[in-house]
Amino acid sequence: MDKYQLLKKYFGYDKFRKGQDTLIDGILAGRDVFAIMPTGAGKSLCYQIPALMMDGITLVISPLISLMKDQVANLNQAGIHAAYLNSSLTPAQYRKALAFAAQGRYPIIYVAPERLLTNDFLHFAVHAEISMVAIDEAHCVSQWGQDFRPDYLKITAFLTHLPVRPVISAFTATATAAVREDVTDILHLKNPLVVTTGFDRTNLYFGVETPKNRYEAIQNYVTAHPEDSGIIYCLTRKQVEEVCAGLAVRGLPVTRYHAGLSDQERRQNQDDFIYDRKPLIVATNAFGMGIDKSNVRYVLHCGMPKNLESYYQEAGRAGRDGQPAECILYYSGQDAITNRFFITHNSDNEELDAETRALIQAREEERLKKMTLYCFTRDCLRAYILTYFGEQANETCANCSNCLNSFEIEDVTSVARAIIGCAAETGQRYGMGVLLDAVHGARTAKIRQYRMDENTWYGSARQTSLPHLRQVANHLLLQGILTTTNNEYQIVHLGPSARDILFGDEKVFLKTAPEKPEETAEKTSRKKRSSGSFTLSPEEEILFEKLRLCRKNLAQQEGVPPYIVFSDKTLVQMCLQTPKNQTEMMEISGVGEYKFKKYGEAFLACLAQSHI
Ligand code: ADP
């Protein structure tokens with residue numbers, strides 16, 4: 001069978017997505033490959049299809065048990081034999097799986113990195129025919145990545161034990177230039193075919209909001225989206241508890257996840273979420289890696305994460321099925337302080353020497369700064385993210401809160417001059433807080449101690465409110481007119497164009513948003529409908545719910561999450577095309593041969609009962 005036939009037979013899809021066929025062809029030609037593709041782009045198929053076409057076994061190295069379980073369940077549902085080898089198996093189960101693997105029962109085997117150098121696994125691997133080693137979440141190998149896993153360094157040693165070097169394929173959704181280099185070097189990729197399909201997730205809406213009461217804003221949002229599954233990320237366990245309790249009081253089907261819960265409770269809560277028993281989860285960043293749930297319709301952040309890598313990864317858990325989904329960050333000024341605390345009290349790198357630790361900390365400060373500016377920029381949020389990851393972006397996207405907001409343009413040159421002037425006159429020695437207090441004319445002990453009240457610019461922006469001053473200051477930082485040092489003091493320095501503003505004719509303009517009334521549940525819901533999650537008529541929506549129920553029942557019988565039976569996208573297509581027989585059903589994207597045999601009739605019956 002060729003790659004197209006396999007795609008249809010096992011996965012039910014007619015076409016490859018961008019990058020997939022190039023990678024598959026590369027692997028089949030015996031080349032190493034390195035794929036940098038965003039979440040939901042379909043990286044798994046890129047190694048699964050060649051694995052079915054090559055002789056021998058493909059080993060997939062994956063960092064998390066939940067991720068492996070999900071992938072193996074997905075493959076088994078599609079009629080492909082696959083297994084995982086990790087610590088969730090009892091010793092007896094592990095031995096049995098390894099024995100089956102040695103007999104060649106599985107073309108695809110998922111393995112945890114910490115298993116690679118164990119005696120029994122090595123014994124199996126050197127005696128088996130390993131045609132490819134696929135490395136999922138390959139950025140975990142890099143110390144510069146935000147998910148460094150020391151066990152990933154075992155991959156290189158493992159490969160040297162194999163009698164024949166297999167094809168190596170590496171996959172990641174997040175990789176800045178430094179991380180990319182690391183992945184290539186550490187894994188010794190040989191002249192790899194590098195495919196970057198772009199980070200843009202056009203189906204995701206990005207928003208930043210600064211409501212007076214975040215909890216209320218979140219409750220309103222969730223209440224307005226009663227049918228949807230969503231993740232709400234919080235910065236601390238305490239916040240998780242509070243947000244979760246607030247939603248539970250309203251009778252919403254919500255659960256929670258953080259490192260303070262027992263293993264068993266975490267597993268239970270995660271399963272409740274994945275199986276849609278509780279389609280809402282409030283969690284810290286401990287939750288999510290390897291969560292493959294494709295029908296998450298929104299990811300809300302109650303607080304700003306510590307860098308854009310984490311934000312994009314967490315937000316990216318929305319809309320994996322390619323359907324429209326929303327990612328909203330609810331920001332408050334306290335978030336930067338909380339994150340700075342995490343950075344300075346990070347115990348993960350204790351084994352590193354002081355110099356490396358300081359370097360990592362400075363990088364984290366820099367990342368935090370860029371993340372904070374994301375919350376302040378008035379330009380396109382998508383463009384901001386894409387530029388951060390080193391990609392060209394259009395100036396506007398028409399699908400983020402900034403592009404959809406109408407701003408007024410204000411000339412803030414005189415305020416900008418005051419801030420720049422104050423920093424220049426004091427010899428660029430102070431942080432932004434002190435400078436803003438000075439130009440605002442504060443009479444605090446600190447201002448007197450630093451003799452800021454003697455500065456020419458002292459009180460020169462007295463008429464401007466402090467929040468507005470802060471906006472102007474953030475704008476100056478965003479534009480690079482001012483910069484700050486990467487240490488806890490964040491000393492303000494003048495950028496290259498600052499003097500043109502201070503002494504020349506250069507002007508500074510700021511986009512300001514008109515005062516917005518607080519969101520209510522009703523308003524949020526209206527906004528949602530107009531931005532349109534699915535374009536289904538009311539009758540089709542009813543049918544969609546029926547199909548969802550049918551899917552839930554089948555998933556329960558099978559003991560798998562509903563989205564593994566069929567994705568929301570596949571159900572939506574069933575609503576739109578209303579197939580009446582096997583041939584029509586098999587034309588729906590996501591319905592492969594094996595899945596039709598298992599589930600086709602049940603869905604056809606459901607559709608027949610509800611002809612619209
Ligand atoms: P990634 O690992 O890149 O985050 P996945 O491999 O989990 O993404 O794929 C995301 C979703 O896209 C899955 O539901 C998958 O079945 C689907 N998908 C992958 N390739 C295709 C394709 N060629 N056509 C349609 N859907 C696809």
Side-chain angles (χ1 to χ4, degrees), residues 3-25 33-52 60-64 66-80 82 108 110 134-140 147 169-175 195-204 229 274 288-296 299 312-323 325 551 560-573 586-592 594-595:
K3 61 183 179 199
Y4 298 100
Q5 289 165 328
L6 289 169
L7 181 71
K8 185 68 194 162
K9 177 179 162 87
Y10 290 112
F11 301 96
Y13 302 134
D14 295 318
K15 285 192 303 272
F16 283 107
R17 289 194 184 144
K18 205 171 150 204
Q20 285 182 326
D21 43 354
T22 316
L23 286 157
I24 292 171
D25 292 345
V33 301
F34 183 13
I36 302 133
M37 294 158 87
T39 313
K43 290 186 282 298
S44 330
L45 274 188
C46 302
Y47 57 80
Q48 289 166 348
I49 288 194
L52 297 174
V60 186
I61 299 168
S62 174
L64 278 189
S66 55
L67 193 93
M68 296 188 215
K69 266 188 163 164
D70 226 57
Q71 293 277 353
V72 169
N74 245 324
L75 289 169
N76 290 339
Q77 285 293 314
I80 298 167
I108 305 177
Y110 285 75
I135 298 148
D136 207 6
E137 311 285 352
H139 61 280
C140 291
D147 294 313
S169 53
F171 299 85
T172 180
T174 54
V195 173
T196 310
T197 59
F199 281 85
D200 196 6
R201 304 271 314 275
T202 46
N203 62 321
L204 300 186
S229 176
I274 287 177
M289 195 161 169
I291 297 299
D292 215 2
K293 193 171 195 286
S294 65
N295 65 339
V296 175
V299 172
Y312 203 49
Q313 193 175 49
E314 287 160 17
R317 295 192 175 116
R320 288 179 73 114
D321 53 10
Q323 293 291 328
R551 176 177 69 176
V560 295
Y563 63 89
I564 287 200
V565 172
F566 284 128
S567 71
D568 277 10
K569 195 171 179 168
T570 300
L571 297 195
V572 168
Q573 288 210 3
M586 297 277 298
E587 280 165 16
I588 303 276
S589 173
V591 185
Y594 197 76
K595 281 202 181 169

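Atoms within a ligand are numbered from 1 in the order they appear, just like the ligands themselves. Throughout, numbering of the chain's residues begins at 1 and tracks the sequence.
Neither the backbone nor the side chain of Ala173 has any atom closer than 4.0 Å to an atom of ligand 1 (non-hydrogen atoms only).
The shortest side-chain heavy-atom distance between Gln71 and Ser62 does not fall under the 4.5 Å cut-off. For the pair Leu23 and Tyr47, the minimum side-chain heavy-atom distance is 4.5 Å or more. The side-chain heavy atoms of Phe11 and Ile49, taken from C-beta on, include a pair separated by under 4.5 Å.
The distance from ligand 1 to the heavy atoms of Lys15 drops below 4.0 Å at these ligand atoms: 22 (C), 23 (N), 24 (N). Short contacts between ligand 1 and Pro38, defined as distances under 4.0 Å to a heavy atom of the residue, involve ligand atoms 3 (O). Close approach to Ser44 involves these atoms of ligand 1, each under 4.0 Å from a residue heavy atom: 2 (O), 5 (P), 6 (O), 7 (O). Listed by number with element, the atoms of ligand 1 under 4.0 angstrom from any heavy atom of Thr39 are 4 (O).
When only non-hydrogen protein atoms are considered, atom 7 (O) of ligand 1 lies nearest to Arg320 NH2, 3.1 Å. For atom 9 (O) of ligand 1, the closest heavy atom belonging to the protein is Gly42 CA, 3.4 Å.
Side-chain contact of Tyr110 with Asp70: a donor-acceptor pair under 3.5 Å is absent, judged by distance alone.
Minimum interatomic distance between Lys3 and Phe16 (heavy atoms only, all atoms of both residues): O-CZ, 3.6 Å. Closest non-hydrogen pair, Leu67 versus Glu137, comes out as CD1-OE2, 4.3 Å. The shortest heavy-atom contact between Cys46 and Met37 is SG-CE, 4.4 Å. Closest approach of Val299 to Arg317, counting heavy atoms only: CG2-C, 4.2 Å.
Gln20 is linked by a side-chain hydrogen bond (donor to acceptor under 3.5 Å, both in side chains) to nothing, counting only residues two or more places apart in sequence or in another chain. In this structure, the side-chain contact (heavy atoms from CB on, under 4.5 Å) partners of Arg201, at least two apart in sequence or on a different chain, are Pro38, Thr39, Asn203, Leu204, Tyr312.
Here's the thing with Tyr13: one of its N/O atoms is less than 3.5 angstrom from an N/O atom of ligand 1. At a 3.5 angstrom cut-off on N or O pairs, Gly40 counts as close to ligand 1. Of the N or O atoms in Ser589, none lie within a sub-3.5 Å distance of an N or O in ligand 1. In terms of polar-atom proximity, defined here as any N/O pair under 3.5 Å, Leu7 makes no such contact with ligand 1. Below 3.5 Å of separation, one finds no N or O of Ser294 facing any N or O of ligand 1.
In this structure, Asp321 does not count as a contact residue of ligand 1, since none of its heavy atoms falls inside 4.0 Å of the ligand. Using a non-hydrogen distance threshold of 4.0 Å, Arg17 registers as a contact of ligand 1. The closest approach between Ala41 and ligand 1 falls below 4.0 Å for a heavy atom of the residue.
Distances from atom 13 (C) of ligand 1 to the protein include no heavy-atom value under 4.0 Å.
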